[in-house]
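Structure, as C-alpha cells:
In this chain, residues are counted from 1 in sequence order.
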Amino acid sequence: MISLLTIATIISVAYLFYWVCTEDRTPESLSATYYLLGDKGWIFQVVIASVGLMLLPVWVSVSETATQHLAFIACSGLMFTAFAPAFKLKLEGAVHYSAAIICCVSAILWQVMEGLWDITLCFGLLGFTLYLQHDKWCFWLEFSVLCSVLSNIWRLI
C-alpha cells in the first residue's frame with residue numbers, strides 16, 4: 001500500500017510542481033492544464049486517473065468504516081474528472097464539473113469526519129494565501145485539497 005501512495009504522491013507533486021514552478025502562469029484550474037497541454041492533453045488524463053486509481057485502495061484502507069464511502073466517492077469523482085477532461089464541451093463539461101465538485105466535497109468531508117481538520121485547515125489557509133497573491137482560486141482550492149488529502153493519508157499509515 002505504501003508503494004501505491006508513494007507513486008501517487010510523486011506523480012501529484014511532480015505535476016503540481018511543473019505547473020507552479022516551471023510555467024510562467026498559474027492555470028485557472030488543474031483541469032485547465034488539459035487544454036494548456038494541447039495535443040498532449042492525454043497527460044492530464046493519465047496523471048489524474050493514475051492518482052485516483054492508486055489512491056483508492058490506500059485511502060479506503062486507512063479510513064474508518066463510517067468514512068470509507070467518502071474515500072471511494074472522492075476517488076471515483078477524480079477518475080470521472082480525468083475521463084471527461086474537455087470541460088468546455090456541454091455534456092462532457094457537465095460530467096467534469098459534477099465529478100470535480102463531488103470529489104472535492106467528499107475529500108473535505110472525509111478529512112473533517114476523520115478528525116483531520118488541522119492539516120486540512122493549514123493547507124486551506126496556504127491555498128487562500130496563494131490565491132490572494134496569484135489569483136486563480138480554483139487551482140489553489142484543488143491544490144489545497146489534494147495536498148491535504150495526501151498529507152492526511154500519509155499521517156494515517
Original post:
Counting N and O atoms only, with roles assigned by atom type, does the side chain of Gln111 sit under 3.5 Å from a partner on the main chain of Leu116, one being a donor and the other an acceptor?
Top reply: no

Subject >> Check: Val145 main-chain N/O paired with Ser148 side-chain donor or acceptor under 3.5 Å >> reply: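 Present.
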
Looking only at heavy atoms, which two atoms of [X] and [Y] are closest? And how far apart?
X     : Y      : result
Gly41 : Tyr34  : O-CD1, 3.3 Å
Ser63 : Ala71  : OG-CB, 3.8 Å
Gly77 : Cys103 : C-CB, 4.0 Å

Does [X] belong to the same Ile/Leu/Val/Met/Phe/Trp/Tyr cluster as [Y], with side-chain heavy atoms less than 4.5 Å apart forming each link?
X      : Y      : value
Ile119 : Leu109 : yes
Ile7   : Met79  : no
Val60  : Val112 : no
Ile11  : Leu37  : yes
Leu56  : Trp110 : no

**OP:** Quick one: sort the Phe143 and Phe139 rings into parallel, tilted or perpendicular, breaks at 30° and 60°.
**Re:**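 Ring orientation of Phe143 relative to Phe139: parallel.
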
Subject >> For Ile102, the rest of its hydrophobic cluster, which grows through side-chain links under 4.5 angstrom >> reply: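 Its cluster mates, by chain and number, are Ile73.
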
Original post:
Residues sharing Phe80's hydrophobic cluster, by side-chain heavy-atom contacts under 4.5 Å among ILVMFWY, directly or via others?
Top reply: Val95

**OP:** Just grab all the salt bridge (charged side-chain N to carboxylate O under 4.0 Å, His left out) pairs involving residues 121-133, residues at least two apart or on different chains.
**Re:** none

Original post:
Is there any salt bridge (charged side-chain N to carboxylate O under 4.0 Å, His left out) pair reaching into residues 148-157, and which pairs are they, with sequence neighbours excluded?
Top reply: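 Non-adjacent pairs meeting salt bridge (charged side-chain N to carboxylate O under 4.0 Å, His left out): Asp118-Arg155.
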
Roughly how far, to the nearest 0.5 Å, is [atom2] of [Y] from [atom1] of [X]?
X      : Y      : atom1 : atom2 : value
Leu141 : Ser29  : CG    : OG    : 10.5 Å
His96  : Lys88  : NE2   : NZ    : 11.5 Å
Ile153 : Leu5   : CD1   : CG    : 6.0 Å
Leu53  : Ile48  : CG    : CD1   : 11.5 Å
Leu70  : Cys75  : CG    : SG    : 11.0 Å
Ile101 : Ser106 : CD1   : OG    : 11.5 Å

**OP:** For the residue pair Thr33 and Tyr18, confirm or rule out a side-chain donor-acceptor distance under 3.5 Å.
**Re:**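 Absent: no donor and acceptor within the cut-off.
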
For [X], is the [atom1] atom crowded, meaning more than 12 foreign heavy atoms sit under 6.0 Å from it?
X      : atom1 : answer
Ile157 : CD1   : yes
Trp154 : CH2   : yes
Trp19  : CH2   : yes

**OP:** Under the side chain to side chain contact (heavy atoms under 4.5 Å, CB included) rule, what do Thr81 and Ser31 come out as? Steps first, then yes or no, please.
**Re:** CA-CA 8 Å; Thr81 302; Ser31 301; 4.0 Å; yes

**OP:** Output all residues satisfying side-chain contact (heavy atoms from CB on, under 4.5 Å) with Glu64, sequence neighbours left out; order by chain, then residue number.
**Re:** Thr67, Glu114

Original post:
For Lys90, what residues pass the side-chain contact (heavy atoms from CB on, under 4.5 Å) criterion, not counting sequence neighbours?
Top reply: none

Subject >> Verdict with reasoning, Val149 to Ile108, per side chain to side chain contact (heavy atoms under 4.5 Å, CB included) >> reply: CA-CA 8 Å; Val149 164; Ile108 293 167; over 6 Å; no

Subject >> Evaluation steps, side chain to side chain contact (heavy atoms under 4.5 Å, CB included), between Leu55 and Leu150 >> reply: CA-CA 9 Å; Leu55 279 183; Leu150 288 170; 3.8 Å; yes

Original post:
Do Leu16 and Cys147 pass the side chain to side chain contact (heavy atoms under 4.5 Å, CB included) test, and can you show the C-alpha distance, the side-chain angles, and the key distance before you say yes or no?
Top reply: CA-CA 10 Å; Leu16 288 171; Cys147 290; 4.2 Å; yes

Subject >> Ring centre gap for Phe44 and Tyr35 strictly below 6.0 Å >> reply: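 No - the distance between ring centres of Phe44 and Tyr35 does not fall below the 6.0 Å cut-off.
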
